[in-house]
Amino acid sequence: MSGYTGGLKSWRLILEYDGTKYSGWQEQRNARTVQGQLRKAAQGFFGCEVEIQGAGRTDAGVHARAQVAHLRVTADRTSKQRFPAVEEIFRALNQRLPSDVCLLDISEVDNRFHARHDALARTYIYQISKRRTAFFKKYVWWVKEPLDVPAMARAAEMLSGRHDFVAFRAHDPARPDESTIVVVEDAGIEADGDLIIFHITASHFLWRMVRRIVGMLAKVGTGEITPEDFRLLLEGKPNPKIDVAAWTAPAAGLFLERVEYAAKNKARPKGRA
């Protein structure tokens, strides 16, 4: 182990990444993950084991514009070598990270800070394209059928509040007893040229919940289900005639947009030279 004075030190990291070539954020055996690449970069620089936890467990193919993680390093108290300055850590990690993962910001935080447990809310966005695109295929879902965007927007407005999302979740073996009740702070849809952008903010999300919501909103847009059908799904009343899982939107269009913390733990991407 490379020794540093000071015992234990923690930093808050903000990262953006293109998730196309990754099996998600969370480390997995025999899989390439974002967390794994970050750990490899950090341990290569510090020369010792490190602790890394992220605010959101993005799935395979999902992207992030501002994923928040904490990095903790335990020092050898007998060493006279001091911890590097944040600017040095920032440069060293970016030099070691692959080109599709970028560290945007780093700051020293209290050792009690936990990127996942301290997060108050997370915002995801999803991008639907109304046309075939040569440049942004990795970042959108192209829906070929005409979409009624106002109808989709009206359905999306129903999402705010406390709902039972049992119809929208995939069974998560890691959390078999997880409650399906989620409080959504804000949700909506807006059109930007050929893009339809859905956003949703909540304290937490169930596995594949956002992608299945998007799939059902697209079905509202094509007229295959009604806004009333969507409302009943939000009441925790699955309809055997509506196969929600079959219309799980592709991962490509989904981004972790931001993570919110209490004032003392605010995490906003500032960037460093």
Side-chain angles (χ1 to χ4, degrees), residues 15-38 54-69 97-102 116 119 122-145 147 152 156 159 165 167-175 178 180 182 184 187-189 192 194-202 204-222 233 243-259:
L15 306 103
E16 65 178 12
Y17 51 84
D18 178 340
T20 305
K21 297 180 180 179
Y22 293 92
S23 298
W25 160 264
Q26 190 167 326
E27 288 173 304
Q28 305 166 43
R29 184 174 297 179
N30 300 321
R32 189 169 188 257
T33 68
V34 180
Q35 186 183 22
Q37 292 297 309
L38 180 58
R57 298 186 307 163
T58 54
D59 285 340
V62 176
H63 319 291
R65 290 178 174 167
Q67 168 77 282
V68 178
L97 286 168
S99 60
D100 47 10
V101 179
C102 180
R116 181 165 63 89
R122 298 155 179 83
T123 297
Y124 283 87
I125 67 166
Y126 195 98
Q127 299 184 149
I128 296 174
S129 179
K130 294 189 289 183
R131 70 169 178 87
R132 188 170 180 261
T133 171
F135 300 107
F136 304 110
K137 183 179 180 180
K138 295 191 298 182
Y139 311 114
V140 299
W141 176 26
W142 174 32
V143 177
K144 301 171 186 175
E145 297 85 355
L147 294 172
M152 295 171 66
L159 287 161
F165 285 92
F168 295 92
R169 68 101 180 250
H171 176 67
D172 187 350
R175 301 177 179 179
E178 183 178 27
T180 55
V182 177
V184 175
I189 279 183
D192 183 6
D194 291 314
L195 279 181
I196 300 169
I197 302 172
F198 168 68
H199 71 270
I200 184 168
T201 301
H204 70 288
F205 293 90
L206 307 175
W207 192 25
R208 296 185 180 172
M209 169 181 155
V210 177
R211 290 164 56 196
R212 291 186 175 183
I213 289 172
V214 172
M216 288 299 97
L217 290 174
K219 275 210 165 189
V220 171
T222 61
L233 290 174
D243 190 348
V244 177
W247 261 66
T248 303
L254 185 59
F255 292 76
L256 175 58
E257 177 74 2
R258 66 176 183 270
V259 184

Nearest heavy-atom pair of [X] and [Y]: which atoms, and what distance?
X: R212; Y: R169; value: NH1-O, 3.0 Å
X: R208; Y: A170; value: CD-CB, 3.9 Å
X: A249; Y: G215; value: CB-N, 4.2 Å
X: R122; Y: L256; value: CB-CD1, 4.3 Å
X: A156; Y: A187; value: O-CB, 3.8 Å
X: A66; Y: V259; value: O-CG2, 3.9 Å

Beyond-backbone contact of [X] with [Y], side-chain heavy atoms, under 4.5 angstrom:
X: L195; Y: V140; value: yes
X: F255; Y: I197; value: no
X: F198; Y: L159; value: yes
X: I189; Y: L217; value: yes
X: T33; Y: Q26; value: no
X: I213; Y: Y126; value: no
X: D59; Y: W207; value: yes
X: F168; Y: V244; value: yes

Exercise for review: List the steps and the verdict of side chain to side chain contact (heavy atoms under 4.5 Å, CB included) for V101 and L38.
Suggested key: CA-CA 8 Å; V101 179; L38 180 58; 5.9 Å; no
Review point. Taking the six-membered ring for Trp, are the ring centroids of Y17 and Y22 within less than 6.0 Å of each other?
Key: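 Ring-ring flag for Y17/Y22: false, centres at least 6.0 Å apart.
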Check your understanding: Between R65 and E257, is there a salt bridge with N-O shorter than 4.0 Å?
Key ->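 Counted as a salt bridge, because a side-chain N and a carboxylate O are separated by less than 4.0 Å.
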**Study point:** D18 bridged to K138 by N-O distance under 4.0 Å
**Key:** yes
Exercise for review: Calculate, to the nearest 0.5 Å, the distance between atoms CZ and OH belonging to R211 and Y124 respectively.
Suggested key: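 The distance works out to 11.0 Å.
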Practice item. Could you grab the distance from atom CD1 of I196 to atom CG of L147, nearest 0.5 Å is fine? Key: 4.5 Å
Check your understanding: So, the side chain of H63 versus the backbone of A252: is there a donor-acceptor pair under 3.5 Å, distance only?
Key ->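 At least one qualifying donor-acceptor pair exists.
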**Study point:** Q67 side-chain N/O to G56 backbone N/O, donor-acceptor pair under 3.5 Å
**Key:**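 Here the side-chain-to-backbone pair exists.
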Point to revise | side chain to side chain contact (heavy atoms under 4.5 Å, CB included) between M216 and W247, intermediate numbers included | key: CA-CA 7 Å; M216 288 299 97; W247 261 66; 3.7 Å; yes
